[in-house]
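Notes follow once the structure below has been shown.
Naming convention: chains lettered A, B, ... in sequence-line order (proteins, then strands); numbering from 1 in each chain.
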Number of protein chains: 2
Amino acid sequence: MDRIEGLIGKWEVQVRKGLLEFVILLALHEREQYGFELMSGVARRASLDVPEGTLYPLLLRLSKDALVSSRFEPGDGGAPRKYYALTPEGRTALRAMIASWTRLNHAVSHMIAGAYR
Amino acid sequence: MDRIEGLIGKWEVQVRKGLLEFVILLALHEREQYGFELMSGVARRASLDVPEGTLYPLLLRLSKDALVSSRFEPGDGGAPRKYYALTPEGRTALRAMIASWTRLNHAVSHMIAGAYR
DNA sequence: ATCAATACCTTGCAAAGCAAGGCATAGGCC
DNA sequence: GGCCTATGCCTTGCTTTGCAAGGTATTGAT
């Protein structure tokens, strides 16, 4: 069943679309963070690996949409860090996403329960 | 906040990626169904509108990947219907998706709870 | 000076959702 | 027969995202 594993892998990539944006905003709701910090935090707390090639374009989009703001700060013995924080609009969007996600999740849970009842 | 509504709308489109495939497979796990039946059933039971331009390419992909099989049957006073059913491989894939989704969902729920604690 | 670690960014490709439009079948009606 | 409507399936073109691969800049240690 190696073929199916491949299919599931591709499916998981699709499921991550949108979800990663959601998770990053959730992480930033707690506190301002910079790129690497977000990657390690999300990996630790949600077991979600967000590669750099995904994270940075995502953060650029969020900035362009004004859901997050950013500022540079000298790094702790390393390259300078770009800290991201939620804007008020970002908080509004996050609330809407949580509502939407919760609704979706209930619907899916209901269907899982129904399928195996 | 009309702009944010637009952003959320686009976000929801992204979140549906992969999720619709999952929901269709769940629906087919209960019983064999044809296209329109899937659309109305999923709309009713999960409040998810799956437009035709999404559904039929999706079903074609599932067929090509051999997760579902299909057969034509004369319609009940109308055009012939194409009935889809899960294959054994489809059932295997569905089990894997449920496991993956459940895991993801716990992670996200945890982050939502953490963000607003 | 060189090396490694930290940290950010860009490019090119694959994949999905969707609006818009098209095609075919069947039955009812004149 | 000819026309209309409803049912039902499919295709095209566009947008958006995730990601691997590779690149750049800063800092401190050897």
Study note, to complete from the structure: Students should find that the nucleotides of DNA chain C closing off the region near chain A, any atom under 4.0 angstrom from a heavy atom, are C/dT6 to C/dA16
Atom [atom1] of [X] and atom [atom2] of [N]: how far apart are they, to the nearest Å?
X     : N      : atom1 : atom2 : answer
A/F36 : D/dT27 : CZ    : P     : 16 Å
B/M39 : D/dG8  : CE    : P     : 11 Å
B/K10 : D/dG18 : NZ    : P     : 14 Å
B/Y34 : D/dT7  : OH    : P     : 9 Å
B/E52 : D/dA6  : CD    : C1'   : 12 Å
A/L19 : D/dC19 : CG    : C1'   : 16 Å
A/L55 : D/dT17 : CG    : P     : 14 Å
B/Y84 : D/dG8  : OH    : P     : 14 Å

For the backbone of [Y] and the side chain of [X], can you confirm whether one donor and one acceptor N or O come within less than 3.5 Å of each other?
X     : Y     : value
A/E73 : A/Y83 : no
B/T87 : B/A66 : yes
B/R81 : B/E37 : no

Point to revise | Point-to-point distance, once rounded to the nearest 0.5 Å, from NE2 of A/H110 to OG of B/S47 | key: 10.0 Å
Study note, to complete from the structure: d(B/L7 CG, A/E89 CD) to nearest 0.5 Å is 8.5 Å
Review point. Should B/R81 be listed as having a side-chain N or O under 4.0 Å from OP1 or OP2 of D/dT7?
Key: no
Review point. With respect to the phosphate group of D/dG18, does any side-chain polar atom (N or O) of A/T54 fall under 4.0 Å of OP1 or OP2?
Key: no
Review point. Where each residue is assigned the nucleotide of DNA chain C containing its nearest heavy atom, which of A/Y56 and B/R61 is assigned the position nearer the 5′ end?
Key: A/Y56
Practice item. Let me know, please, whether A/R16 or A/G78 comes out on the 5' side of the other along DNA chain D by nearest nucleotide. Key: A/R16
Check your understanding: Which nucleotide, D/dG8, D/dG18, D/dC19, lies nearest any side-chain atom of B/A79?
Key -> D/dG8
Check your understanding: Which residue, B/I98, B/L86, B/V42, forms the side-chain contact (heavy atoms from CB on, under 4.5 Å) with B/L26?
Key -> B/I98
Review point. Is any side-chain N of the basic residue among A/E12 and B/R103 closer than 4.0 Å to the acidic one's carboxylate O?
Key: no
Check your understanding: Quick one: does B/K17 reach the base of D/dT16 with a side-chain donor-acceptor pair under 3.5 Å?
Key -> yes
